[in-house]
Amino acid sequence: MSNPFDDIPFDDGPAPSRNNTSPAPKHAGGSGIAARAMAARSAPRYLEGLNPEQSRAVETVEGPVLVLAGAGTGKTRVLTTRIAHILGQGLAWPSQVLAVTFTNKAAREMKERIGVLVGGAVEGMPWLGTFHSIGVKILRKHAELVGLKSDFTILDTDDQIRLIKQLIQAEGIDDKRWPARTFAHLMDSWKNKGWGPGDIPEGDARAFANGKGRELFTAYQDRLRTLNAADFGDLLCHPIRILKNHPDVLAEYHAKFKYILVDEYQDTNIAQYMWLRLLSQRPKGRPANICCVGDDDQSIYGWRGAEVDNILRFEKDFPGAAVIKLERNYRSTAHILGAAAHLISHNEDRLGKTLFTDEADIDDPKVQVHAAWDSEEEARAIGEVIERLYSDQNDLNEMAILVRASFQMREFEERFIKSGINYRVIGGPRFYERLEIRDAMAFFRVVCQPADDLAFERIINVPKRGLGDASVRLIHDYARRKDIPMLAASAELIESTELKPKPRAALREVVLNFERWANALENTEHTELAETILEESGYTGMWQADRSAEAPGRLENLKELITSMSEFESLRSFLEHVSLVMDVEQNPDDDKVSIMTLHAAKGLEFKTVFLPGFEEGLFPHQRSLDEGGRNGLEEERRLAYVGLTRAKINCHIWFVSNRRIHGLWQSTIPSRFLDELPTTHVDVADPPSGYGGGNGGYGQSRFDKAEPFQNTYSTPGWARAQANKTDATRNNWGSRSGANVERIGYGETDSRRGAGRGSIKGTMIEGELVAKSVADKPSDFTVGDRVFHIKFGNGNIVQIDGNKLTVSFDKAGEKKVLDGFVEKV
DNA sequence: AATGCGGGTCTTTTT
DNA sequence: GACCCGCATT
């Protein structure tokens with residue numbers, strides 16, 4: 001099949017304008033998109049309706065430009081119009097514009113919208129895509145410069161970890177103490193910085209496996225080269241190395257890319273930054289035409305190496321840069337913007353923007369804060385609001401539930417299935433990560449790329465054909481000894497007597513199968529071939545014979561896989577697509593509520609947004625606080641800001657008093673972010689009907705008598721918390737005491753207060769003081785003690801494991817709970 | 001070689 | 001609580 005690179009002529013001939021400052025050239029018909037863009041030029045309708053800042057961002061095409069685009073200020077519109085403008089003015093051919101996005105979704109959207117502007121599809125924009133997809137393109141073209149072949153395979157995380165594991169074991173390192181996963185993350189962070197084995201600082205190298213970090217890294221890269229494979233990080237790092245070490249190649253790209261556009265600049269990591277720097281270099285005195293669009297307040301990917309610094313430093317990096325702020329918001333009501341602005345103002349590291357809107361309506365609802373007893377009630381209450389809105393003629397498509405962590409999703413799914421609310425999960429367990437899909441893909445990979453040992457190892461004994469560990473090791477060792485791929489090694493081994501007759505026959509069949517399929521590759525329709533492969537390998541049969549509950553679903557998925565292949569022209573281009581685009585597009589025609597993480601929600605908007613889980617420890621997430629300190633907290637706050645600004649009209653925030661984390665019930669306190677919302681834009685909503693009553697199977701909660709949240713939220717305690725919020729906030733995250741201690745403290749406080757006075761929530765806000773006094777109290781339980789638990793009622797301790805108690809509750813049965821949540825009775 | 005059990009681990013976000 | 005892994009058993 002053809003190299004994906006082939007269909008893009010690398011040299012388009014001279015640019016419409018070699019010299020950027022020269023007048024626009026005459027156009028000789030040419031590719032469809034440019035011609036259409038030309039037609040639009042006489043009446044550049046696309047410029048209509050832009051506000052002055054947006055117009056400036058579109059029309060300042062020469063030199064470096066930083067567009068600070070707040071949420072909902074028309075960022076994508078600016079980017080796409082800018083491209084249309086560049087094409088329309090004849091400043092560059094479509095193939096001379098490099099436009100990088102961070103996600104596939106964003107790239108897709110931009111393509112579509114440029115298409116609308118220019119009136120047609122965007123076939124002519126080959127260099128519009130994610131960093132990774134463009135990296136692949138460059139790498140395929142120059143693969144030999146880093147010791148790869150152009151048809152290298154792209155490893156996903158799973159392959160990567162299996163490979164690292166092999167290497168760790170080969171080095172004689174205990175893979176229990178030094179897990180492959182950990183090293184994968186470590187190496188990932190190195191690659192995010194653009195480092196190769198030689199570049200990592202001594203300290204970093206020593207940090208893993210008693211100083212074997214560097215050797216492992218080297219061994220890993222060597223192995224990738226023999227496998228003719230690249231991992232995700234390499235898709236950025238290899239091109240950087242190529243551009244750095246080969247001035248002629250760099251010059252080619254310099255000549256090629258007249259205009260560079262970068263979306264979500266705040267999310268770029270160091271490697272991506274280096275990559276952009278290289279490509280945007282220009283001869284002395286000639287500033288690059290690079291336009292970076294981003295929002296420092298929406299930088300939420302620090303944990304995977306993004307450097308907010310890149311955007312904060314832009315003017316230094318590109319002297320003379322024009323900086324354009326987009327602050328007029330076209331999405332949300334003044335209440336939502338007011339709430340979001342006040343929240344984000346608690347961050348210190350900002351370039352400082354304030355969103356505004358003129359569209360203030362007295363009827364606009366404020367941001368609603370709700371309390372629920374536990375996650376179950378939270379889901380039910382949100383479901384009820386959704387049903388109410390739905391019967392009020394609101395589309396489910398206009399509603400979204402945005403969670404901090406994916407485990408929160410399950411509760412909503414269960415609830416919605418029960419009550420028949422249609423929903424879609426975005427970014428959940430992915431199609432291409434399913435076992436059967438990965439197996440099937442492994443077959444295809446070996447057919448297309450016989451040196452792909454990882455794929456080969458995955459399916460050599462699938463379905464079971466008697467080639468167990470012993471046989472695999474034999475093949476593996478033989479291959480390594482002769483320095484050939486395992487499939488080739490197998491072909492040799494079946495001619496010898498090294499294997500016992502049984503496995504030998506099985507292996508022979510495998511080898512012959514792959515030979516036959518590889519031969520069919522050129523002259524068989526690829527969907528047909530794929531089906532044949534799954535059929536003849538016995539893979540389909542394996543699942544047909546499987547009586548387990550999930551087998552039919554798996555077969556269904558395999559069918560789906562084949563179907564989705566038909567859109568591609570070959571098996572190979574399909575494989576490429578899958579490795580880069582792990583998500584499957586959802587059908588927007590069905591009316592469904594979206595459930596997704598806050599991270600996945602960036603860039604989207606909904607009329608109504610639900611933000612559950614505003615509790616300390618979950619949001620802000622404890623781990624961000626522990627590992628990231630103040631920066632971590634600020635990133636969490638930006639995440640909250642992203643969440644709020646997704647809403648156009650309604651924004652509902654929820655928090656619960658009890659959440660099950662790691663299988664244990666824990667009391668929680670409301671998120672500090674709630675304290676950071678301005679009262680002028682926020683309403684504390686009525687408690688849901690049946691508050692505290694629907695606790696399911698564990699009998700009457702003593703909180704049934706508790707006053708509703710509403711009352712306590714407006715108590716002096718709440719007012720005081722508001723007044724002191726700066727102090728309170730600082731207190732909370734300043735201490736390294738850790739949330740566990742705090743939670744235990746609060747938990748005890750809770751049950752005590754709750755028992756006597758019927759006021760829960762007041763405690764939580766004021767709780768700090770109380771918490772400190774109880775946190776250090778040693779727990780003194782013994783097996784057999786009679787205890788009371790806030791949720792499960794009375795019971796007897798049957799086992800104690802540190803601070804974990806196993807209690808046999810009278811009504812709820814046996815549960816594991818932390819000792820902080822029960823008290824002796 | 002395949003299956004089943006028990007223990008240990010890990011639970012934020014993802015191109 | 002859920003999942004993964006290794007071990008022991010057949």
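Below, chains carry the letters A, B, ... as their sequence lines are ordered, and counting in each starts from 1.
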Between the protein and nucleotides 2-5 of chain B, are there any N/O to N/O pairs under 3.5 Å, and if so, what are the atom names and distances?
residue: B:dA2; atom: OP2; partner: A:Asn461; partner atom: ND2; Å: 3.3

Quiz prompt | nucleotides 3-10 of chain C: protein proximity per nucleotide (B base, S sugar-phosphate only, - neither; heavy atom, under 4.0 Å) | solution = ---S----

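Closest-nucleotide positions on DNA chain B for A:Phe131 and A:Pro503 were compared, and the one nearer the 5' end corresponds to A:Pro503. Of the residues near DNA chain B, A:Ser406 and A:Pro179, the one whose nearest nucleotide (by heavy atom distance) lies more toward the 5' end is A:Pro179.
Put simply, CZ on A:Arg623 is 10 Å from P on B:dC10, counting in whole angstrom units. Here B:dT11 presents its P atom at 15 Å from CD of A:Gln622, a figure rounded to the nearest Å. Protein atom CD of A:Gln272 is 12 Å distant from nucleotide atom C1' of B:dT14, rounded to whole Å. Atom CG of A:Leu625 and atom P of B:dT13 are 17 Å apart (whole Å). Spacing between atom OH of A:Tyr265 and atom P of B:dT15 amounts to 21 Å, rounded to whole angstrom units. With rounding to whole Å, A:Glu635 atom CD is found 13 Å from B:dT14 atom P. Between the CG atom of A:Asn192 and the C1' atom of B:dT13 there is a distance of 14 Å, rounded to whole Å. In this structure, the CH2 atom of A:Trp303 is 4 Å from the C1' atom of B:dT13, given to the nearest Å.
Residues meeting the side-chain hydrogen bond (donor to acceptor under 3.5 Å, both in side chains) test with A:Thr153, sequence neighbours left out: none. By the salt bridge (Lys or Arg N to Asp or Glu O under 4.0 Å) test, A:Arg241 is found to be paired with no residue, residues two or more places apart in sequence or in another chain being considered. Partners of A:Arg623 by salt bridge (Lys or Arg N to Asp or Glu O under 4.0 Å), not counting sequence neighbours, listed by chain and number: A:Glu627. Applying the side-chain hydrogen bond (donor to acceptor under 3.5 Å, both in side chains) rule to A:Asn192 yields no partners; only residues at least two apart in sequence or on another chain are considered. The side-chain hydrogen bond (donor to acceptor under 3.5 Å, both in side chains) test applied to A:Asp297 returns A:Arg350, A:Lys353, not counting sequence neighbours. Residues passing the salt bridge (Lys or Arg N to Asp or Glu O under 4.0 Å) test with A:Asp158, sequence neighbours excluded: A:Arg162, A:Arg438, A:Arg458. Residues forming a salt bridge (Lys or Arg N to Asp or Glu O under 4.0 Å) with A:Arg445 (at least two apart in sequence, or on another chain): A:Asp159, A:Asp452.
Under 4.0 angstrom from either OP1 or OP2 of B:dT14 there lies at least one side-chain N or O belonging to A:Thr597.
Distances were taken from every side-chain heavy atom of A:Ser471 (C-beta onward) to each of B:dT15, B:dT13, B:dA1; the shortest belongs to B:dA1. Across B:dT13, B:dA1, C:dA2, the shortest atom-to-atom separation from the side chain of A:Ala470 is found for B:dA1. The side chain of A:Arg410 approaches C:dA2 more closely than any other nucleotide in the set C:dA2, B:dT15, B:dT13.
Within the nucleic acid shown, A:Ser133 has no heavy atom closer than 4.0 Å to any nucleic acid atom. A:His132 comes within 4.0 angstrom of a nucleotide base, judged by non-hydrogen atoms across all strands.
A cation-pi geometry, defined here as NZ or CZ lying under 6.0 Å from the six-membered ring centre and within 45° of its normal, holds between A:Arg304 and A:Tyr301.
Atom CZ of A:Arg465 sits in a crowded spot, with more than 12 heavy atoms from other residues, nucleotides or ligands closer than 6.0 Å.
A:Asp231 contributes no side-chain N or O that, together with a main-chain N or O of A:Leu155, makes up a donor-acceptor pair within less than 3.5 Å.
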